[in-house]
Structures are given as structure tokens and as C-alpha cells.
Amino acid sequence: MLNLGRQKLSKPSNLGSPMPQQDDQTPRVRTRFPPSPTGALHLGGARTALFNWLFARHHGGDFVFRLEDTDRQRSRDEHVESIVRAMHWLGLDWDEGPFYQSRRFDRYREAIEQMLAQDRAYWCHCPPERLQQVREAALASGGKPMYDGACREKGLGPADGAVVRFKGPRQGHTGWRDLVKGAISFDNAELDDLVIFRSDGSPTYHLAVVVDDVDMKITHVIRGDDHISNTPRQILLYQALDSATPQFGHVPMILGHDKTKLSKRHGATAVIAYQDMGYLPEAMLNALARLGWSHGDQEIFSRDELIALFNLESVGKGAAVFDPDKLLHLNAHWIQQSTPERLAAALPPFLAQRGIMAHDQATLLAAMPHLTPRAKTLLELADWAEPFLVEAVAFDPQARAKFLVPANAVVLQRVSEMVEGLGVADGAALEAGFKDLAAQLGLKLGGVAQPVRVALTGRAASPGIFEVMAILGGQRTLARLGRALEMTTSPGA
RNA sequence: GUCCCCAUCGUCUAGCCAGGUCCAGGACACCGGCCUUUCACGCCGGCGACACGGGUUCGAAUCCCGUUGGGGACGCCA
């Protein structure tokens with residue numbers, strides 16, 4: 001069993017001081033994130049979680065985490081674990097929960113009894129086949145596939161295979177002022193009597209969310225706009241339960257590059273996959289926040305800035321397409337902002353992918369500042385770090401064929417002598433020496449630097465050559481120079 | 001099909017609510033240049049959009065209507 005107790009991951013600092021001002025008139029802000037554990041946390045869900053979390057943190061309120069697992073067939077523990085892992089990674093900590101709907105069935109049953117007693121719900125004996133027919137008939141005659149209310153006034157009781165339906169109003173309109181979309185209204189005639197209690201004894205989503213949001217005193221429901229059509233039905237349920245409705249904010253969906261609902265066809269959609277690909281959580285948070293929300297022309301936001309600046313008014317109304325390139329760019333930025341220590345701590349898994357199971361930490365730390373401007377992901381960072389961490393460098397065949405040739409033997413020989421004399425600590429002296437040598441040999445600086453670069457790193461691209469030598473140290477520099485010198489005369493091996 | 005939502009560069013967006021300062025600004029990507037010992041970083045420049053049609057107005061990206069387009073919902077899934 002996972003430990004899913006009260007979580008306190010990162011304490012959002014109050015730098016920039018968001019405004020946790022709470023007077024006694026306005027109730028404390030409480031938001032929630034209620035995924036159903038039927039799959040991994042995907043980008044859309046993560047953004048919804050982020051917006052709810054930011055809204056709560058901005059207002060100094062509470063963020064509740066709840067698992068909507070009323071569908072026992074599809075809900076799985078492994079998905080709960082992966083969602084929790086993703087939330088942890090992103091640093092979205094919750095104040096209460098996780099609550100499991102599957103453990104609250106008694107409470108839902110109680111609500112249903114109450115509605116039944118007040119004639120706000122009724123038993124329905126219609127078999128699935130009939131429902132299917134009614135839907136098809138409605139569709140055929142150009143209408144909306146809705147339940148026709150056959151059992152509505154029959155006064156039926158429980159029976160095998162029976163369900164309980166909500167007895168909704170047939171006239172009037174149900175609307176609300178949406179926090180992001182503005183006024184929205186539905187004709188109640190468009191709403192049919194939805195099932196709130198299944199024949200297997202479990203409550204349905206609509207009933208469970210409403211009861212939970214009431215019990216958990218949720219004040220703001222921030223969710224994807226694919227829930228807009230559910231909202232009038234839920235508002236009616238709040239009323240049937242004699243409860244006040246929370247405020248609703250429907251944020252636009254995140255689409256794939258072809259502008260359709262995000263799915264596996266669009267590449268990596270599970271947030272946790274980005275951790276494995278070498279992305280930093282701050283980059284993901286930054287990217288997710290900017291998908292739909294904006295603050296003038298600002299593009300870069302730290303977690304604390306997000307908390308200080310986030311508001312629902314600045315959330316756009318149109319759907320957004322997720323752009324992996326922008327995430328990559330943001331990741332490069334946040335890698336550069338990060339500290340060598342933190343990066344080094346996050347690197348082992350990526351190093352391991354390259355077969356490096358152990359390495360010298362001091363060397364890695366020393367190299368880090370020269371590596372970060374070149375890496376857009378931790379995976380790339382590990383790649384750049386490799387030459388500094390392995391005993392014998394792997395030579396890029398092309399680089400070797402081009403630079404470790406007999407004609408360059410003299411270059412390597414002379415540089416070795418130079419290093420023996422000057423050491424590797426004084427970059428300026430080395431540079432002067434390189435220029436001098438280049439002039440003597442009738443070469444440009446690159447003519448000297450490139451063979452040396454390949455000799456020391458095995459590649460044609462690396463940090464500045466004098467930095468490379470300093471990081472490697474005199475001994476290893478000389479050893480690699482020597483080995484490369486041998487290679488210039490034995491092309492095959 | 002019915003209902004609901006939406007509509008500024010390829011993408012994310014600012015501007016729209018309180019019409020003129022917008023022949024529309026920023027960012028990513030792309031292209032060119034600079035820097036340079038390589039690759040990056042950085043810097044400079046370029047390409048590139050108000051979906052369409054009416055209306056209101058001296059004036060509309062901004063307000064109104066319509067069209068088109070897109071998305072979502074219509075389950076004993078959430």
C-alpha cells in the first residue's frame with residue numbers, strides 16, 4: 001500500500017508575496033483535482049491540476065486531491081501510483097486527501113435515499129436494450145439522444161437491474177457565470193434524467209462529484225471545458241441536495257498538433273514520460289502554465305511567480321495546441337538556471353542509460369557550467385558529460401578519420417610538450433601557446449584545437465578546448481594526447 | 001443530427017471588456033548575419049496573423065448579427 005497521506009512537498013515561499021488575505025466574509029478558497037485512476041496523468045490533466053493548485057496557493061486556500069474511482073472495472077492501483085508520482089514530480093502538493101470515492105459509497109447512498117424520499121429522483125426499470133432504442137430513434141428523428149423519462153412518474157421501487165435517475169426540471173434554464181467563459185446557459189429541456197445510481201449499487205460520476213464537492217466544501221471547480229455540458233446537470237443536483245453551488249471555471253482543452261483531442265497518436269502525452277526524457281519539472285510547469293494562461297508578454301515563470309501572478313481572468317477561451325519545441329526551449333532555459341549540484345544529482349539515471357554507472361562527482365561538477373549551455377535535456381547533458389566521466393573515450397568515427405591523421409601527429413606532439421611545460425590550469429597561457437604553434441605550422445587556431453579536441457573528447461564538438469583540459473587535469477590530458485598520437489599512425493585500430 | 005464552447009503569425013500568445021497611440025507586439029520554430037578554437041549559448045535582422053460577410057461608428061483586431069471553420073458533449077465512463 002502506498003503511503004498517500006497528507007503531502008507537503010515544497011513549501012511555496014511567499015516571495016513576491018501573493019495575497020493570502022482572507023476576511024471572514026469570503027470563505028476560504030478550496031479547489032480540488034479529481035482524476036479518475038484509469039490511466040497516467042496526461043498533459044491536459046496536469047494543467048488542470050496546476051491551475052487548481054495555483055488558484056488555491058495564490059489565494060492562500062486549500063488544494064484537495066481526490067481519486068474518482070467509482071468505475072471499479074477501469075480504476076487501477078498502478079494508475080493511482082503513477083498519478084501520484086507525476087504530482088510529486090511537478091511539486092503539486094495537496095492539503096487534503098487523497099480521498100477515494102470507492103470508500104464513500106455509504107455517503108452517496110444516503111444522498112440518493114434523501115433524493116428518492118423527496119421525489120427528486122426515481123427508480124427506473126428500463127432495460128439497456130430499450131434505452132438503446134430510444135436513443136437511436138431520437139437520433140433518427142433529428143433530435144438529441146436522450147432518455148424519454150418513461151419511468152419518471154411510475155413510482156417504481158428497487159428491483160433487479162434497476163437504476164435511480166435524477167428527476168430534473170423539464171422547463172426553464174440552468175446557467176451560471178463561468179469564471180473563464182462568461183455567461184453560459186442551457187435549456188433544461190435539453191437535459192435528460194441522468195442515472196445517479198447504477199444497478200450494481202455504485203453511484204455514478206455526476207452524483208459522486210457533487211456530493212464530494214459539497215462535503216469537501218469546494219468553492220471553485222476548475223476543470224476542462226469538455227465538462228461544460230455536465231455543469232447544468234450538476235448545478236441541478238446541488239439544488240436537489242439543497243446545497244450552494246461552487247463557482248465554475250472551464251479552461252479550454254489542450255489539443256494535439258492536428259487540433260484534435262490529445263491522445264497517444266500525438267506522441268508523449270503522459271507527463272511522467274517527460275521526466276524520463278530528461279525534462280525538468282520547472283520547465284513543464286512553465287510550459288503548462290503558458291498553455292492558456294498569460295501575463296502580458298512574459299514567457300518565463302518560476303513556480304513562485306506563477307503562484308503570485310496566476311488568475312483565472314487571464315486564462316484564454318480558445319483551445320491550445322501543445323508545442324513540444326517550446327517545452328524543449330523552456331527546458332534548456334531552466335537547465336541553465338539550475339545549479340550544478342542539482343543537475344548532477346538528477347543525472348545518474350541518464351548517465352546509466354549511457355552505461356556510466358559510477359563517476360567522479362568533482363569532475364562532473366567542474367564540467368557542469370560548460371555543459372549546461374549545450375544541453376536542452378538531461379539526456380543531452382549526460383551525453384556532453386560522458387567524455388569527462390569515462391576512462392577511455394569513445395571516438396566518433398568521422399571526427400577520428402578527419403583529425404587523428406598522420407599530418408596532425410606533430411600538433412599532438414607539440415601540444416603534449418606544451419602541457420608538460422605549462423600545465424593545464426592557465427588557459428590564457430595555453431591559448432597563447434596554441435596560437436604560437438598554429439602560426440609556426442601555418443595553421444589557423446582551429447587547425448590545432450580540433451585535433452586536440454578529438455584527442456581529448458573523442459568528438460569534434462565540445463566545450464572550449466582550454467576548459468576541457470582544465471577539467472580533465474594534466475595527467476589525463478597528457479594520457480589522451482598520447483593515445484591519440486598513436487592513433488594517428490595506426491588508422492585501423 | 002441536437003446542444004454548448006471557441007476563432008490574432010505554422011504554434012503559444014499580447015492587444016479586445018473601457019473602439020483611435022496596431023499598416024497588430026512578444027515567444028517558440030524557421031531563414032540570414034554577428035561572435036568564435038568546435039558545438040552550443042548570446043546578440044542583431046528577416047519571414048509570418050486580426051477566418052469571411054454585413055452592420056454600428058468620423059474611425060473596428062476591438063462592439064452587434066450572420067456565415068464558415070474547429071472543438072466538446074450527448075453512457076448504468078469520468
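A note on names: the letters A, B, ... follow the listed sequences, proteins ahead of strands, and every chain is numbered from 1. Everything quoted here is computed from the prediction, not taken from an experiment. Values reported hereafter were calculated over all heavy atoms of this structure, with side chains retained and with hydrogens, waters and symmetry mates removed.
Taking 4.0 angstrom as the limit, Ser294(A) places a side-chain polar atom (N or O) nearer than this to OP1 or OP2 of A14(B). Under 4.0 angstrom from either OP1 or OP2 of C41(B) there lies no side-chain N or O belonging to Thr372(A).
Under the Watson-Crick or G-U wobble criterion, with both distances below 3.5 Å, G45(B) is paired with C31(B). Under the Watson-Crick or G-U wobble criterion, with both distances below 3.5 Å, C39(B) has no partner in any strand shown. G1(B) is paired with C74(B) under the Watson-Crick or G-U wobble criterion, all donor-acceptor distances under 3.5 Å. As the counterpart of A24(B), no nucleotide is assigned, since no Watson-Crick or G-U wobble pattern has both distances under 3.5 Å. Remark: C63(B) base-pairs with G55(B); criterion is Watson-Crick or G-U wobble with both hydrogen-bond distances under 3.5 Å.
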Inset, instruction - Take nucleotides 67-74 of chain B nucleotide by nucleotide from the 5' end and write B, S or -, depending on whether a protein heavy atom sits under 4.0 Å from the base, only from the sugar-phosphate, or from neither. - result: ----SSSB

Inset, instruction - Sugar-phosphate atoms are those with a prime plus P, OP1 and OP2; base atoms are the rest. Using that split, label each nucleotide of nucleotides 29-38 of chain B B, S or - for protein heavy atoms under 4.0 Å, 5' to 3'. - result: S-------BB

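Side-chain contact, Gln450(A) with Arg453(A): a donor N or O sits under 3.5 Å from an acceptor N or O. Side-chain atoms of Glu417(A) and Gln413(A) form a donor-acceptor pair, as typed in the model, at a separation below 3.5 Å.
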Can you check nucleotides 19-24 of chain B for protein contacts, nitrogen or oxygen pairs under 3.5 Å, and list what you find?
none

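Considering Arg165(A), Arg135(A), Arg233(A) in turn, Arg233(A) is the only one that fulfils the salt bridge (charged side-chain N to carboxylate O under 4.0 Å, His left out) rule with Asp192(A).
Aromatic ring orientation, Tyr205(A) versus His227(A): tilted (interplanar angle from 30° to 60°). Classified by interplanar angle (parallel below 30°, tilted 30° to 60°, perpendicular above 60°), the ring pair Trp123(A)/Phe197(A) is perpendicular. Note on ring orientation: taking the six-membered ring where Trp is involved, the planes of Trp293(A) and Phe310(A) are tilted (angle from 30° to 60°). Using cut-offs of 30° and 60° on the angle between ring planes, the pair Phe65(A) and Trp94(A) is tilted.
Nearest heavy atoms, Arg130(A) versus Cys126(A): NE-SG, 3.4 Å.
Sequence order on RNA chain B of the closest nucleotides to Asp69(A) and Arg290(A) puts Arg290(A) first from the 5' end.
Relative to the side chain of Pro373(A), the nucleotides U13(B), C41(B), A7(B) differ in distance, and C41(B) lies closest. With C3(B), C5(B), C76(B) as the candidates, the nucleotide lying closest to the side chain of Arg165(A) is C76(B).
Counting atom types as modelled, Thr204(A) pairs no side-chain N or O with a base atom of C76(B) as donor and acceptor under 3.5 Å.
Arg66(A) and Asp215(A) are not joined by a salt bridge, as no carboxylate oxygen comes within less than 4.0 angstrom of a charged side-chain nitrogen.
Side-chain N or O atoms of Asn331(A) include one that pairs as donor or acceptor with a backbone N or O of Gly278(A) at under 3.5 Å.
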